[in-house]
Amino acid sequence: LSATIPLAIVAEPLAAHLDTMNGQAGRPELPDLARPEAAGGLALFVRLRRVLTALAADRPLVLVLDDLHLADRASWDLIAYLGRVPPAAPVLVLAAARVAPLSDDAEFTRTVGALIRDRLAAELRLQPLTQSQVGELVRRSVESPDPDLVDWIYRRGRGNPLLTVAMLRELPGGVTPGTPARTGAS
């Protein structure tokens, strides 16, 4: 959806946040992104920057953009614009993307590379969990787990935290790491 609707990856979290502010004085209005000029452009970027500034006027704002590898070109252009012309209030844009789908994308490489090179952004590459870390998650979820369970989950999930947690939830009784350990995992 984000790659087909201009700026959807940015507009969706902003709209959800603005919906929680219904009736509040000073609530900024999100520009109409269904109009043809919403595909990008300086005037729209300036309006979105003003919305972010207004939202962060009283307290810092964190705009979390997940799955940025699915974003359209206008979203990438907006992120580059906000990096170079930041809102006049404390706003942190936290973007998460899978590197593999983007490694061959010249637009992504150029946009992110320029922001990092100019020290307007920082890259943090998350590494897979180690077998020891997977073991710790399993031990927090299952009382006295079979060592083969740790090995099996590690091999199947390849250290991917999302897959590891999903597999733990699929165990009989469905567990969530961090909740009290349960017994009977075979």
Side-chain angles (χ1 to χ4, degrees), residues 1-127 129 160-166 169 176-179:
L1 183 64
S2 297
T4 58
I5 299 175
L7 299 165
I9 204 149
V10 176
E12 288 173 10
L14 281 177
H17 181 66
L18 290 171
D19 285 348
T20 67
M21 299 176 66
N22 277 338
Q24 290 185 20
R27 177 186 180 268
E29 290 298 319
L30 194 60
D32 182 4
L33 299 176
R35 297 182 5 210
E37 63 271 16
L42 184 59
L44 179 62
F45 293 170
V46 168
R47 291 185 64 203
L48 286 168
R49 180 180 170 271
R50 287 184 187 143
V51 168
L52 292 171
T53 299
L55 289 171
D58 295 330
R59 62 183 176 178
L61 174 71
V62 177
L63 177 61
V64 178
L65 306 176
D66 197 12
D67 291 331
L68 206 57
H69 55 281
L70 300 175
D72 64 300
R73 182 66 206 163
S75 296
W76 282 108
D77 290 343
L78 174 63
I79 291 166
Y81 171 78
L82 292 173
R84 302 207 176 278
V85 186
V91 175
L92 171 66
V93 178
L94 179 63
R98 293 187 182 148
V99 176
L102 295 171
S103 60
D104 294 329
D105 187 324
E107 293 176 17
F108 165 79
T109 303
R110 185 179 67 248
T111 301
V112 173
L115 290 171
I116 292 170
R117 182 186 64 245
D118 296 341
R119 297 180 181 257
L120 300 171
E123 178 182 31
L124 175 63
R125 289 192 184 224
L126 301 180
Q127 300 301 314
L129 298 173
N160 180 309
L162 184 63
L163 291 176
T164 299
V165 170
R169 285 187 179 140
T176 302
T179 58

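Residues take their numbers from the sequence shown, with the count starting at 1.
- Other residues, nucleotides and ligands contribute more than 12 heavy atoms inside 6.0 Å of the CG atom of Asn22.
- Between Pro28 and Leu18 the shortest heavy-atom distance is O-CD2, 3.5 Å.
- Expressed to the nearest 0.5 Å, how far CG of Leu14 lies from CG of Leu63 amounts to 5.5 Å.
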### Message
As a quick check of understanding, evaluate side-chain contact (heavy atoms from CB on, under 4.5 Å) for Leu163 and Val165, giving each step before the final call.
### Response
CA-CA 5 Å; Leu163 291 176; Val165 170; over 6 Å; no
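- Scanning both residues, Arg84 and Asp118, for their nearest heavy atoms gives NH2-OD2, 2.7 Å.
- Separating the CD1 atom in Ile79 from the CD1 atom in Ile9 is a distance of 7.5 Å, to the nearest 0.5 Å.
- Within the 3.5 Å criterion, the main-chain N or O of Ala88 finds a donor-acceptor partner in the side chain of Thr53.
- For Asp72 (side chain) and Ala74 (main-chain N/O), a donor-acceptor pair under 3.5 Å exists by modelled atom type.
- Note that the CG atom of Leu126 and the CG atom of Asn160 stand 10.5 Å from one another [nearest 0.5 Å].
- Put simply, the side chain of Ser75 never gets that close to the backbone of Ala71: no donor and acceptor are under 3.5 Å apart.
- Listed for the Arg49 side chain is no donor-acceptor partner under 3.5 Å among the backbone atoms of Leu82.
- Of all the heavy atoms in Ala8 and Pro13, the pair that sits closest is O-CD, 4.2 Å.
- Taking CZ of Arg73 as the start and OG1 of Thr111 as the end, the distance is 4.0 Å to the nearest 0.5 Å.
- Atom CZ of Phe45 and atom CG of Leu7 lie 6.0 Å apart (nearest 0.5 Å).
- With a 6.0 Å radius and a threshold of 12 heavy atoms from other residues, nucleotides or ligands, Arg27 has its CZ atom above the threshold.
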### Task
Would you sort out whether Arg47 and Leu30 count as a side-chain contact (heavy atoms from CB on, under 4.5 Å), showing the intermediate values?
CA-CA 8 Å; Arg47 291 185 64 203; Leu30 194 60; over 6 Å; no
### Query
What's the verdict on side-chain contact (heavy atoms from CB on, under 4.5 Å) for Leu48 and Tyr81, showing C-alpha distance, side-chain angles and the deciding distance?
CA-CA 11 Å; Leu48 286 168; Tyr81 171 78; over 6 Å; no
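- For the pair Asp66/Leu68, no side-chain contact is recorded, criterion being any heavy-atom separation below 4.5 Å from C-beta on.
- Leu52 CG to Leu92 CG: the interatomic distance, rounded to the nearest 0.5 Å, is 11.5 Å.
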### Task
Start with the C-alpha distance between Val93 and Leu65, add both sets of side-chain angles, then the distance that settles side-chain contact (heavy atoms from CB on, under 4.5 Å), and finish with yes or no.
CA-CA 7 Å; Val93 178; Leu65 306 176; 3.8 Å; yes
